[in-house]
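Chain A is the first sequence line, chain B the second, and so forth, proteins listed ahead of strands; every chain is numbered from 1.
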Amino acid sequence: MNDLSDLRITRRGVLKVGAVSATALAVPSVTTAQVSSSQPVQAPVISKLSFEVNGTLHSLDVDTRTTLLDALREHLHLTGTKKGCDHGQCGACTVIVDGQRINSCLSLAVMNEGAKISTIEGLGSKNALHPMQAAFIKHDGFQCGYCTPGQICSAVAVLDEIKQGIPSHVTADLTAQPQVTAEEIRERMSGNICRCGAYSNIVDAITDVAGRTA
Amino acid sequence: MKFNNPATTNPIDQLKIVGKAHDRIDGPLKVMGAAPYAYEHHKEAPHPAYGYIVGAAIAKGRIASMSLIEARRAPGVLHIVTAENAGRLDKGSFNTAALLGGPEIQHYHQAIALVIAETFEQARRGSIGACRIYRSKRQLRSGRCKK
Amino acid sequence: MKVFTFERAQTAESALAASKKSGAKFIAGGTNLLDLMKLEIETPGHLIDINGLGLDKIEALPDGGLRIGALVRNTALAADERVRRDYGVLSRALLAGASSQLRNKATTAGNLLQRTRCPYFYDTNQPCNKRQPGSGCSAIEGFSRQHAVIGASNACIATHPSDMAVAMRVLDAQVETLRADASTRTIPIADLHRLPGDTPHVEHILEPGELITAVTLPKPVAGTHIYRKVRDRASYAFALISVAAIIQPNGGGRVALGGVAHKPWRVEAAEAQLTSGADAFTKLLLANANPTHDNAFKLPLVQRTLAAVLADARKG
C-alpha cells in the first residue's frame with residue numbers, strides 16, 4: 001500500500017526537512033510556481049499543407065509542431081513507418097523524400113510542402129513485393145520487425161546511393177566508383193539500428209538484391 | 001576478458017541454429033509495414049488520445065509535492081494519471097521497478113505521471129507544466145518549476 | 001515543443017525581415033534544431049524555413065577556390081567531384097559524421113552551428129550554464145569522458161561535435177554572412193565559434209538575425225589529406241578525438257583537432273614543428289590543456305592518432 005500522505009506535504013513541511021543545502025534557495029521559486037502563471041495559454045498553430053505520398057496527393061491541416069513521421073502515422077494512418085526514438089538516432093522512421101532517405105522524425109510536416117514521399121507501404125504490395133522486401137523474407141532479416149520498414153527503405157536507398165557514386169566512410173578511393181561490399185553495406189546502414197540483432201541477415205538480404213541487380 | 005586476439009570462426013558461423021533463416025508467418029506483413037503494433041489500430045480505435053510520460057528527475061528519493069495546475073491548463077490536456085489517482089499499482093513478475101512511480105522513486109526517469117491530451121504534441125507540451133519537487137537523501141530538488 | 005508560427009522565406013530579404021520577430025529562428029535541415037525543440041532546449045516562437053533561398057550551389061571561384069552555399073546538404077558536399085578530388089579532408093570528415101539519413105538533410109551552415117551533445121546539456125533536469133546561465137556545470141564534477149581538454153572554463157567543458165568544421169578549419173575556410181541590416185561580412189572559420197569563458201550560452205559571434213549564406217574555401221592545398229576519427233564505435237558515433245591533417249612529403253603541413261574543445265583546435269604557430277614528429281608537436285598543440293580525470297586519456301590519444309596519421313601520410 002503506497003503512503004501518499006507526503007504528496008500533500010505543506011510548504012512549512014518542505015522547509016522543515018533537514019539537510020537542505022543551497023538548493024533550498026530553490027524553495028522560494030518553487031512556492032511561487034504553485035501560483036498559476038501569468039503567461040497566456042497558447043493554442044496550437046494549424047497550417048495547411050499538401051504533399052504526395054506513394055503517388056497519392058494529400059492535403060492536411062496540421063499543428064506546425066507535427067513531424068513528417070507523425071503526419072504519416074497519425075494523420076494518414078500509414079503506420080508502416082515507425083517511431084523508435086523520435087530523435088533521429090535509430091532510423092526506424094526512415095522514409096524517402098524527393099529521392100533521398102531521411103529521418104522523418106526530424107522533419108516537420110510543414111517543411112515538406114510539395115514533396116514526393118515514399119514509405120514502406122509504397123515499395124511493394126502483397127502480390128508484388130519489392131525485391132528488397134522479398135529478400136528480407138528469404139534471408140529472415142528481422143525478428144520483432146519494428147526496425148524493418150526503416151531498414152528496407154534505407155537498404156533500397158543504399159543501393160541507389162552506391163549506383164550514384166556517392167562515397168562512404170569506408171570507401172578506399174574517394175574518387176572511384178564505390179562497390180557493393182559487406183563493409184560498404186554495414187557502414188551505409190549504420191543509421192538503422194536493430195535491437196533484435198538481425199544485422200547479419202539484413203546484410204545477406206541486401207547483398208542478395210545487389211547481386212541480382214548488378 | 002581481454003580482447004587481444006582476433007575472433008576466428010565459432011560454431012555459430014555454421015548458421016545451423018543461430019542466424020539460420022526461418023519462414024515466419026508474420027514475415028510478409030512486417031516487410032510491408034502492415035503488421036500492426038501497439039498504437040497502430042486506427043480502424044479499431046479511431047480518435048485515440050495520446051499520453052506523454054513525465055520521468056522522475058532524481059534516481060532515489062520521494063516526490064515531496066507535485067503541482068499539476070499548469071499541466072492541466074495546457075491546451076488539449078484531458079487528464080493526468082499519477083500514483084495518486086491510478087488506483088492499485090502493481091508490477092509484472094519480470095519487472096524490477098513499478099512502471100508508475102510515486103511517491104517513492106526507484107530509478108532515474110521512472111514514470112511519475114502520464115499527461116493525456118488530444119494530440120501527441122499537446123501531451124508533450126502539457127508535460128512541461130508538471131511541477132515536481134523531490135526530496136532525496138542529500139537535498140531538495142525541483143523539476144520544471146521554472147518556465 | 002512550444003507552439004510556433006511557421007513561414008517559408010522566398011528571398012533572403014524576407015528571411016531577414018522575418019528574423020526581426022521576437023523568438024524567430026531560421027530552420028534549414030532541422031536535424032539539430034528539431035531535436036532540441038522536442039526537449040524544449042530551443043524554444044523559437046517563429047520558424048523561418050530558408051530551404052527555398054537558392055543557397056544550395058557549389059561554385060568555382062576565380063582564385064581557384066570554392067564557394068559552398070549554406071544550404072548545400074552534407075551528402076552533396078561530400079560527394080561533389082571537386083571536393084573529393086581537391087579537398088579530400090573535407091569529404092572524409094563529412095562522411096565520418098552522423099548517418100546517411102542525417103547527412104542527406106543536414107546543411108553546411110547548420111553543421112557549423114550545431115550545438116554540443118553534452119549529456120548534461122541535453123538533460124533538462126540537470127544544471128547547465130549553457131541552458132541556464134549561472135545554474136552550474138554538471139559535467140565538471142560528473143561524467144566528463146567525452147568533454148573538452150583544452151580551451152574550456154569553470155563554467156563549461158563542452159565540445160563542438162562537428163567533423164566538417166575541423167576539416168574546414170584546417171582548410172582555412174571563410175564564412176560569408178548577411179546581417180539583419182542587409183550588410184555582408186566574411187568571418188574566418190577560426191573566429192566563428194567562441195570558447196565558453198564565462199558565457200557558455202554564447203556559442204558563436206553571429207549577431208541576432210545574421211544569416212550564413214556561404215562558406216568559401218581557398219584554392220586547394222596539395223598534400224595528403226587525412227581525417228582520422230577515433231570513437232567508441234566504427235560508425236555513427238561522435239569523436240572522442242579526431243585529426244584533420246594535410247601533410248606534405250617532408251612531414252610538415254597543417255593539423256586541426258576535433259573532440260577536444262568547443263571549437264576545432266588548431267595552432268598555426270606550432271605547425272612549423274610538425275616535422276619534429278607527433279610527440280613534440282602534440283605538446284605544443286595541446287599546451288595548457290586542462291583535462292578532467294575522466295578525459296585525460298585524450299592527450300596521449302591525440303599524440304598516438306597524430307603519429308598514425310603521419311605514418312599513413314608517409315606511406316602515401
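- Neither the backbone nor the side chain of A:S47 comes within contact range of chain C, judged by heavy atoms closer than 4.5 Å.
- At distances below 3.5 Å, not a single donor-acceptor pair connects side-chain atoms of A:E184 with backbone N or O atoms of A:T181.
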_A:T171 and A:R188: CA distance, side-chain angles, deciding distance, side-chain contact (heavy atoms from CB on, under 4.5 Å) verdict_ = CA-CA 10 Å; A:T171 308; A:R188 292 164 189 268; 3.9 Å; yes
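- Contact annotation: the side chain of A:E121 never approaches that of A:L72 to less than 4.5 Å [non-hydrogen atoms, C-beta and beyond].
- For C:L33, no part lies under 4.5 angstrom from a heavy atom of chain A.
- A distance of 7.5 Å separates CZ of C:R84 from OG1 of A:T175, quoted to the nearest 0.5 Å.
- In terms of modelled atom types and a separation under 3.5 Å, the side chain of C:R8 and the main chain of A:V110 share a donor-acceptor contact.
- The closest donor-acceptor contact from the side chain of A:H87 to the backbone of A:Q89 lies at 3.5 Å or more, if one exists at all.
- When heavy atoms are compared at a cutoff of 4.5 Å, C:A28 approaches chain A solely by way of its backbone atoms N, CA, C and O.
- Residue contact with chain A, scored on non-hydrogen atoms closer than 4.5 Å, is absent for C:A76.
- Residues A:K82 and A:R73 are in side-chain contact: their nearest non-hydrogen atoms beyond the backbone lie under 4.5 Å apart.
- Contact of C:D49 with chain A is made through the side chain alone, with heavy-atom distances under 4.5 Å.
- The parts of C:N104 that come within reach of chain A are both its backbone and its side chain, each placing non-hydrogen atoms under 4.5 angstrom from that chain.
- Heavy-atom distances place the side chain of C:L47, and not its backbone, under 4.5 Å from chain A.
- Comparing A:T67, A:V170, A:V97, A:L108 by heavy-atom pairs within less than 4.5 Å of chain C, the highest count is held by A:L108.
- Counting heavy-atom pairs closer than 4.5 Å to chain A, the top residue among C:T31, C:L102, C:L95 is C:L95.
- Looking at A:D63, there are no atoms closer than 4.5 Å to chain C (heavy atoms on both sides), in backbone or side chain.
- The most heavy-atom pairs under 4.5 Å with chain C, out of A:P167, A:A157, A:S107, come from A:P167.
- At a 4.5 Å heavy-atom cutoff, the contact between A:E161 and chain C is made by side-chain atoms alone.
- No side-chain donor-acceptor contact under 3.5 Å links A:D98 to the backbone of A:A115.
- Contacts with chain A were tallied for C:K38, C:E81, C:K229; C:K38 has the most, counting heavy-atom pairs under 4.5 Å.
- Both the backbone and the side chain of C:A96 come within contact range of chain A, judged by heavy atoms closer than 4.5 Å.
- Between the C:R131 side chain and the C:Q126 main chain, a donor and an acceptor come within less than 3.5 Å of each other.
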